Amino acid sequence: MIEFDRVTVTYPDAPAPVLRNVTLHIDEGEMCLVVGCTGAGKSTLLGAINGLVPHFTGGTLAGEVRVNGRSTRENPPRELADLVGVVGQDPLSGFVTDIVEDELAYTMEQLGIAPAVMRKRVEETLDLLGLAELRRRPLHDLSGGQQQRVAIGSVLTAHPRVLVLDEPTSALDPTAAEEVLAALTRLVHDLGITVVLAEHRLERVVQYADRVIHLAGDGTVADGSPADMFAITSVAPPVVELGRLMEWTPLPLSVRDARRSAGGLRDALADVPAPRRPDSAGEIALRGRGIVVRYGEVLAVRGISCDIRAGEVVALMGRNGSGKSSLLWALQGSGRRQAGSVNVGGDGTTAAADPKQLSPGAARRLVGLVPQTPADLLYLDTVDAELAQADRESQAGRATARQLLDRLAPGIAGETHPRDLSEGQRLALVLAIQLRAEPRVVLLDEPTRGLDYRAKHALITVIDELANRGHAVVIATHDVEFVAAAAERVVVIADGEIVADGATRDVIVASPAFAPQVAKILAPLEYLTVAQVSAALDRQAS
Amino acid sequence: MLLQRDAAADGRSAFRAAQPVARALHPVARALHPVARALHPVAWWAWAIGLAVAISQTDNPLLLLIALAVIGYVVTARRTDAPWARALKYYLFLALSVIVIRVVFRSVFGGAVGGADHVLFRLPQIPLPHWAANVQLGGPVSLETTMNAAADGMRLGVLLCCIGAANALANPRRALRVLPGALYELGVAVIVCMSVAPQLVESGIRVRRARRLRAGHRRGLRGFRTIAVPVVEDAFDRSLRLAAAMDSRGYGRTASTGSANRRLTAGLLLSGMAGLTAGVYGLLDTTTPRLLGMPTLIAGASLCCAGLGVGSRRVTTTRYRPDPWELPEWIVAGSGAVAAAVLLLAAGHHVAALTPSFSPLHWPSLPLLPTLAIVVAAVAGVAAPPPPATEPLAAVGSRIATGAAA
């Protein structure tokens, strides 16, 4: 169905080609997973399938890509629209119309399909993806999972033979991601559509893949069955990592397979007490009482009270729109807060203060916030200029912003434009700017979006270090595996209220949606991460 | 007890007796209570333009007030709860300011006041040099000139309200969908603008709020820069992603037409535009030969139509669920056309009644036929089917308010 014939892609000004001499053959009806680190060329590979690379992005493509016999050399993306459907990470930015039904029809209108056929296909697609009740709703009002399903539906109505998805679930909470992936597997099984999918959160998709394409990062590509490929890939989900650690063969790809292999491990670990994080929490760093945030008619936060201790890492979880971001902004003092109080500090030398009543400069020395889109904080031309500005903004503090950045992400050239940084580097830059003021409390809003496993590990190290130095850290996130590795306390929010608050193991192990893979494999043992298992085995051996 | 049962029996028999009547009236009832649907946007625009043409023929304040009442009735009867349906209010404010500006200007540059005029007050008069002898600055302001100015301003104001009514009643997106194929790209550009504008506002609010996190808050031009740079970069990224999405969804697939077709289209459209311009000039300037008026206008319009027709052939897109054009559309558009036709014909006969002068001061009369014609336009409020209940769009507003927090 899809053929890559000695494809080499080089972008202008790039020292080396992104893809080098790639030859691939993807059969009809396969669910194909593309894995690799950030910057390894996943998006380039996906874009080359329908000709967006190089017709839209620029660069040169040597060799040939053919889809169903049609070469992207002669056919620009629009001429392949009847054959290849493309869905991006942020569905909202790809919508052309404003109503669900019109969006589903848009591609067909472009293809000149007869109105009667269009009407029928729209109805079929509404049913297939469970969107029938939403047909007349404005696209902006839908939840993330619904929007992503509309985006998939809007390319499906053209009856493409190939569906290309670039990180379709990255921005979604676990339940919405399930919703989208269930729809996708149904398409593969019932309609025989070829699906090519890239995803950072491999734990969500590995079990559905028929085939894995691995980008090593040097432009070379290898492909094969998931079990073969995951033995060597540079990134792997926790289930695979556990399998690699225990040298299980065949390598398990789903929790079900791993549980079957894990009987011996469970027995071995049964009498080893699961490692607990040392209780590092100090005095209360932030005290929130009865916080209410309201936008017009919508009540986003309904009277939440919480205490955050110094040296504590707290994960804030909950579905999209449950009030996580609103709470973080209210705690920082820059966002709205209609009622309640926030007090930070009061450690003897300084009196407790409400950041909302302080100047922005004073507030950020108490509470630092890294927003969901870190780029919002950047407005200068070079990394150096941003760092110098951060030094000017924060009178206090010992380390300069540059030193902080080098500790977080070494080797970022000073003259780089902040827009040209990778997602992880940009996060590090903004984090360095915010940490420059040495805030007592650090709030991170969805920091793992767009980070691969390696970048997440680096972030976890940074967070641990912050906590050890006595900062309190609050992270709003959907990423269950990240929470399992990084946080010692989890607060779950639903509908603007706290529904659970406790130690990570107590809160997320008990929840079917939130439990990390290792916990599912080793239940009823209370292990959360592969690192914990590895440490326990080492202790047992010595 | 007995009495009650009798009453109930009476009610039942009365109901039975009424049933054949109800059945006979059913088609009428259905015509009076049609299935809720959106009227074709072109019908609303035709109605509003017809009414505007009618109004342009008169500055009789009584007629204009009746026209305003008609507009108000139709809009309140048939508008949806979509955001654009609140447009009329802003046009009313605009109309009011037009009247005020008109009156103020006429008072300041008043001109001569006749002996019989009722002087309201005197502005200090500024003597002007002899070469500006025709202009008078300040001086006495009479009731008559004020009334004339107000009537004149009112005509322009009610004209604006006609446009406002069309904006409030017709869904702008659906209106753009009926553009001829040759203008398809233009329609898409407008639609994209309409969805990008709220996103720009949203990202502006988000970045402004984020600025406080860095405490580097500055005012003036440099402060503006710190907000504008991320917003513009964000908008740029967004448009690139949208362009990529549209490209991969088949936007811009064109049927193979040669360069001959393109040249023909361009030639027809250009000569048509020239004809239209010359025709309008000829119509407005009475000193030009008659041939330059209506005939040139018609020739120009038909050339433009031909150009659009030829140009549309290269676009091969189809329309999903196009709006139907049925009896209600004919009635609505027709009621506007009737008003326009009657007023245009009456303009020659009822000069005094249609454009009354207020010096000497008198109560304007109400000419029967033009009044009836304008009232006929109110039929649109009954003939148009009621609009379908739309989904609440308030959430969009709240999303803008919450910014990234949602």
Side-chain angles (χ1 to χ4, degrees), chain A residues 50 52 56 77-79 81-82 84 86 88 90 93-98 102 105-115 118-119 122 136-138 140-141 155 158 295-298 300 321 325-326 329 332 334-335 359-361 364 369 371-373 375-379 389 393 419 433-434, chain B residues 173 188 191-192 194-195 198-199 203 206-207 209-217 225-230 233-234 237-253 255 316-322 388 390-399 401-406:
Chain A
N50 79 330
L52 277 176
F56 192 84
R78 51 186 170 275
E79 300 296 336
D82 55 331
V84 186
V86 179
D90 176 13
S93 69
F95 287 152
V96 187
T97 64
D98 62 340
D102 293 347
Y106 180 79
T107 313
M108 291 191 289
E109 288 184 337
Q110 302 310 307
L111 300 176
I113 289 169
M118 275 203 258
R119 191 70 204 270
V122 166
R136 268 184 266 281
R137 291 273 295 279
H140 269 271
D141 291 359
V155 297
Y295 302 102
E297 304 274 290
V298 187
S325 291
S326 299
W329 280 89
Q332 204 280 332
S334 297
S359 72
R364 75 191 284 266
L369 170 63
Q372 211 166 28
T373 37
D376 286 351
L377 289 193
L378 306 172
Y379 54 88
Q389 175 67 25
E393 282 162 6
R419 283 268 148 184
I433 289 170
Q434 293 301 66
Chain B
R173 281 170 201 274
V188 172
I191 287 181
V192 168
M194 283 165 70
S195 54
Q199 286 174 357
S203 89
R206 210 183 62 219
V207 170
R209 192 174 58 163
R211 195 55 64 240
R212 206 186 116 96
L213 295 179
R214 272 191 79 169
H217 185 67
R225 194 188 117 90
T226 65
I227 291 178
V229 168
E233 280 175 344
D234 195 38
D237 284 350
R238 235 185 251 271
S239 2
L240 273 182
R241 284 202 296 270
L242 179 63
M246 285 171 73
D247 201 8
S248 15
R249 289 173 65 187
Y251 172 74
R253 280 162 79 107
T316 52
T317 57
T318 45
R319 295 260 186 263
Y320 173 69
R321 293 180 86 171
T390 48
E391 294 293 331
L393 277 158
V396 177
S398 78
R399 186 175 296 269
T402 55

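This one's a predicted model, so the numbers in the text were calculated from it and none came from an experiment. First the proteins, then the strands, lettered A, B, ... as listed; each starts at 1. Just so it is clear, the values below take in all heavy atoms, side chains as well, and ignore hydrogens, waters and symmetry mates.
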Which residues share a side chain to side chain contact (heavy atoms under 4.5 Å, CB included) with R225(B), sequence neighbours left out: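 So R225(B) forms a side chain to side chain contact (heavy atoms under 4.5 Å, CB included) with L380(A), D381(A), V229(B).
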Between [X] and chain B, which part of the residue has a heavy atom less than 4.5 Å away: side chain, backbone, both or neither?
| X | answer |
| --- | --- |
| V84(A) | backbone |
| L369(A) | both |
| L52(A) | side chain |

Are any of the side-chain heavy atoms of [X] and [Y] separated by less than 4.5 Å?
| X | Y | result |
| --- | --- | --- |
| V96(A) | R249(B) | yes |
| V122(A) | R321(B) | no |
| Y320(B) | Y106(A) | no |
| L377(A) | L213(B) | yes |

Heavy-atom proximity to chain A below 4.5 Å, by part of A243(B): both
Which portion of A210(B) sits near chain A, non-hydrogen atoms under 4.5 angstrom: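 Both backbone and side chain of A210(B) come within 4.5 Å of chain A.
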Who among [options] has the most heavy-atom pairs with chain B under 4.5 Å?
| options | value |
| --- | --- |
| G94(A), A105(A), S93(A) | S93(A) |
| Q332(A), E297(A), R364(A), M108(A) | R364(A) |
| S334(A), P371(A), G361(A) | S334(A) |
| I113(A), D90(A), V155(A), T97(A) | I113(A) |
| D98(A), V86(A), N50(A) | D98(A) |

Output yes when a side-chain donor or acceptor of E109(A) lies under 3.5 Å from a complementary backbone atom of R319(B), and no otherwise.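 Checking the backbone N and O of R319(B) against the side chain of E109(A), no donor-acceptor pair under 3.5 Å is found.
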Which atom names give the shortest non-hydrogen contact between L242(B) and F95(A), and what distance separates them? CD1-O, 3.5 Å
Under-4.0 Å salt bridge between D237(B) and R241(B): no
Among S239(B), S203(B), G250(B), P230(B), which has the most heavy-atom pairs under 4.5 Å with chain A?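 The answer is G250(B).
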